[in-house]
Amino acid sequence: MSSSSSTATMHSPPVAKKVEHKMEMFGDVRVDNYYWLRDDSRTNPEVLSYLQQENAYTDSVMSGTKQFEDQLFKEIRGRIKEDDISAPYRKGPYYYYTRNLEGKEYVQRCRRLIPNYNTTPCSVHDTMPTGPDDPPEHVILDENVKAQEHGFYSIQAFKVSPNHKLVAYAEDTKGDEIYSVHVIDAETGAPVGKPLTSVTSDVEWANDDTLVYITMDEILRPDKVWLHKLGADQSSDICLYHEKDDTFSIGLQKSESQKFLFVGSESKITSFIFFIDASKPEDGLKVLTPRVVGIDTRASHRGNHFFIIKRSEEFFNSELLACPVDDVSVTTVLIPHRERIKIQDTHLFANHLAVYERENGLPKVTVYRLPAVDEPLTSLEDGRAIDFIDPVYTVDPAPSEFNSSVLRFSYSSLRMPDSVYDYDMNTGTSVVKKIETVLGGFDASEYFTERKWATASDGTQVPMSIVYKKNLVNLDGSDPLLLYGYGSYEVCIDPWFKASRLSILDRGFIFAIAHIRGGGEMGRQWYENGKCLKKKNTFTDFIACAEYLIEQRYCSKEKLCIEGRSAGGLLMGSVLNMRPDLFKVAFAGVPFVDALTTMLDPTIPLTTSEWEEWGDPRKEEFYHYMKSYSPVDNVKAQNYPHILVTAGLHDPRVMYSEPAKFVAKLRETKTDNNILLLKCEFGAGHSSKSGRFEKLQEQAFIYAFILKALDMIPELSSSL
């Protein structure tokens, strides 16, 4: 398919009707002819009809590649070991794990008793016995059975009671992230009491008969913390805290020691913490850290001390503090603030502390031995860093036993499948417990991964992670390349392995991630320099990365494809408006593209809590700045690349109408004949469909679109 080919001769795209909707602020008038596409009830027949027409048009345009897409799906699915289990982890007297069954979309949640639990300490060499004479597997919950009644099914919390007799799980059957919490008997599966409804997925056991959970207000902001006694009606539950400030949201977690629950109230720049004694939850919340604008805190517990990660404007990469449980006003600095190293997270144990940090854009893990609980905690001895093998990689904490010396973490890179390691914090020994099986003859040594740096327009060095198959690329500008970006919320897009990505790498693609400002890869300042009135750095960084890849002959404009989802979809919309000449193909998944209109409407979920991320456009300076990049407001009469946009009808984070409006305005305005498609999932939310194979089918569709646009499907080269 050449760039001059036209889809109009074969397919007629839907034309959304235009209904003038004027919006005036600060003397500026904007006209949104597609405002009518927003229907909060998702029931308007005209809106649904239009979305169905877009889906039908997408199916029509892609019909010629459906056979190839199906082959691609079969190829992607063929790399998966369909019948498999996760790495079992020890929790009390059991091993807990999930099991996938061949042909099934969802997991079974299982456990086995640990033989001789009291005399078998946790060890990196520990393995779960599965012989005929060993304790049998018990399936606590089979998600496949639960999902049969629903088009969408997702469990986001699965919490075992302290005595291991009950399980509480949070279930979403629509994709709107409004959950029901069910409690079941862990042995029989029988329900215990009635479900808690219209709650978030944050739920924790205080003790064996008491749950703490969170509910949301009308804009889906988590705002209330509740105490629930098993057997009681939800209407009689006790509200422990109500956060009335609509820029703050509530979160909940239990300490690794299981002794305390932490309730955090946070905005994008401020967070403060309450604690609950898990043995006496009826005593309510007590203040651990005060509410001070510009200061973030997170907490954990061990022995007689709380451990607090504290960030402020002065100590922007955070410091680690400790304070006595019985006097939280007295703090000791354990790890001071460092300008080049950011404290990302901690994982506490009875005798050790693991600190997850970032330095020069890469994650690192340092382990410290702690003094005995009855000894003063005044400082930390020198830590031991864990070594990793790839130049760029990702490492994340995994469930570990508090009363052990075994740290579990997951590791992967662009060429190394997800691996679970147990690390002995006393000896420094690492033992791999599981490596994601990739079928089909995959050999990690055939792929090359590296890090490169692009120079942004203001001179800032922007890191990129790159991978390709050694024997398939020429590095002379002729190779196709897929560039991924996000760049918001201080999220770190570390290089991760994805088996489906092999389907493009094995077709000669180079894959790259642009670690642009607005993310957190290079520390807190990296984030601060890509938000609010500095948001455009995110977009110009991405463009600089694209230009670098072209200049260094990784690809050419005719072979450069780009991808971003959600806030990364805002990135896609903005760079497409700014530099459409630079790209051949773009995929924008559930993109946040109507930024200004959304941020002006506090009735839309998430808006109020987002003002500290994007700025509050009810203030003139932010209004004009946001208008200057908001994708829907900046669509121009110019040529655009081939574009695929997706939406989820029940998406609570980015309303489906944003991508729908963006596509409608592009159809009206753009001057090219390149492909423009909208695919709206009627039975999904922000994260697309819920089944594992359904997700792979979507990935096959996206890759088929990209390959079609690049004319890399030989048998279809003359069909468009």
Side-chain angles (χ1 to χ4, degrees), residues 16-42 44 46-47 50-51 54 218-221 246-247 268 488 531-533 535-536 538-539 564-578 588-636 645-669 678 680 686:
K17 73 173 184 179
K18 295 167 70 171
V19 179
E20 187 178 271
H21 178 82
K22 284 187 177 180
M23 297 170 285
E24 184 172 355
M25 203 161 192
F26 306 117
D28 178 62
V29 178
R30 293 183 301 137
V31 177
D32 183 351
N33 291 318
Y34 304 109
Y35 190 87
W36 67 273
L37 284 168
R38 175 183 166 186
D39 170 33
D40 293 5
S41 72
R42 277 86 167 169
N44 183 304
E46 193 172 14
V47 171
Y50 171 73
L51 295 175
E54 285 285 2
E218 63 277 0
I219 58 169
L220 305 185
R221 178 182 66 93
D246 63 7
T247 65
K268 291 294 186 292
S488 291
K531 62 179 288 198
C532 289
L533 296 174
K535 188 64 212 170
K536 288 184 185 177
T538 304
F539 316 137
R565 285 181 54 91
S566 192
L570 166 69
L571 168 69
M572 294 297 101
S574 296
V575 301
L576 285 171
N577 285 330
M578 293 165 70
V590 290
F592 174 47
V593 282
D594 198 15
L596 180 56
T597 300
T598 294
M599 286 295 103
L600 281 168
D601 189 345
T603 69
I604 294 177
L606 300 183
T607 291
T608 56
S609 62
E610 298 283 300
W611 284 329
E612 289 177 347
E613 175 77 21
W614 312 102
D616 182 352
R618 297 175 304 174
K619 300 171 183 174
E620 187 167 4
E621 182 181 23
F622 289 104
Y623 174 91
H624 291 296
Y625 186 79
M626 199 175 294
K627 185 188 176 187
S628 72
Y629 71 76
S630 181
V632 164
D633 291 291
N634 287 279
V635 171
K636 304 179 186 71
V645 180
T646 60
L649 184 63
H650 298 290
D651 189 339
R653 297 174 182 264
V654 177
M655 193 174 291
Y656 73 89
S657 53
E658 294 200 33
K661 277 200 235 180
F662 184 55
V663 168
K665 192 166 184 182
L666 278 169
R667 288 208 195 288
E668 174 196 356
T669 312
L678 172 66
C680 181
H686 195 62

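- Panel note: side chain T597, backbone D594; no donor-acceptor pair is recorded below 3.5 Å.
- Between P617 and Y623, the shortest heavy-atom contact is O-CB, 3.2 Å.
- Remark: K17 fails to qualify as a cation-pi partner of Y50 under the 6.0 Å distance and 45° angle criteria applied to the six-membered ring.
- Side-chain N or O atoms of T608 include one that pairs as donor or acceptor with a backbone N or O of D246 at under 3.5 Å.
- Judged purely by atom type and a 3.5 angstrom limit, Y34 has no side-chain atom pairing as donor or acceptor with the backbone of F662.
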Practice task
Show your working on side chain to side chain contact (heavy atoms under 4.5 Å, CB included) between E54 and C680 and close with a plain yes or no.
Solution key: CA-CA 8 Å; E54 285 285 2; C680 181; over 6 Å; no
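- Aromatic ring pairs are classed by plane angle as parallel below 30°, tilted from 30° to 60° and perpendicular above 60°; the pair H624 and F26 is tilted.
- Atom CG of D616 sits about 12.0 Å away from atom CD of E621, to the nearest 0.5 Å.
- Between D601 and R38 a salt bridge is recorded (basic side-chain N to carboxylate O distance below 4.0 Å).
- Here L666 contributes atom CG and K636 contributes atom NZ; the two are 11.0 Å apart, rounded to the nearest 0.5 Å.
- For the pair Y656/D651, no side-chain contact is recorded, criterion being any heavy-atom separation below 4.5 Å from C-beta on.
- Distance check: Y35 OH to S657 OG gives 8.5 Å after rounding to the nearest 0.5 Å.
- Residue L596 holds its CG atom at 9.0 Å from CE of M25, rounded to the nearest 0.5 Å.
- Atom CG of L533 sits about 8.5 Å away from atom CE of M626, to the nearest 0.5 Å.
- Between M599 and T607 the shortest heavy-atom distance is O-CG2, 3.6 Å.
- Side-chain atoms of K18 never come within 3.5 Å of backbone atoms of N33 as a donor-acceptor pair (strictly under, hydrogens ignored).
- With no hydrogens or angles considered, no side-chain donor-acceptor pair links K268 and T247 at under 3.5 Å.
- The backbone N or O of E613 lies less than 3.5 Å from no partner atom in the side chain of K535, so there is not a single donor-acceptor pair.
- Among the candidates K661, K627, R30, the single residue satisfying the salt bridge (Lys or Arg N to Asp or Glu O under 4.0 Å) test with D633 is R30.
- Annotation for Y625 and C532: closest pair CE2-O, 3.1 Å, computed over non-hydrogen atoms.
- Partners of F539 under the ring pair (Phe, Tyr, Trp, His ring centres under 6.0 Å) rule, at least two apart in sequence or in another chain, are Y629.
- Rounded to the nearest 0.5 Å, atoms CG (D32) and NZ (K22) are 13.5 Å apart.
- Judged by distance alone, with hydrogens and angles left aside, the side-chain atoms of R42 form no donor-acceptor pair with the main-chain N or O of H650 at under 3.5 Å.
- Between the side chains of K536 and S628, at least one donor-acceptor pair of N or O atoms lies under 3.5 Å.
- Across every non-hydrogen atom of V654 and P659, the tightest pair is CG1-CD, 4.3 Å.
- Shown here for P631 and N577, the closest heavy-atom pair between the two residues is O-ND2, 3.0 Å.
- Of the possible polar contacts, none joining the N44 side chain to the D39 backbone as a donor-acceptor pair under 3.5 Å is found.
- Using a distance-only test at 3.5 Å, with no hydrogens or angles considered, a donor-acceptor pair links the side chain of S630 to the main chain of A595.
- The heavy-atom pair separating P591 from G569 by the smallest distance is CB-CA, 3.5 Å.
- One N or O on the side chain of T646 and one on the backbone of V590 form a donor-acceptor pair closer than 3.5 Å.
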Exercise for the section: Output, in order, the C-alpha distance, side-chain angles, deciding distance and verdict of side chain to side chain contact (heavy atoms under 4.5 Å, CB included) for T603 and E218. Expected result: CA-CA 8 Å; T603 69; E218 63 277 0; over 6 Å; no
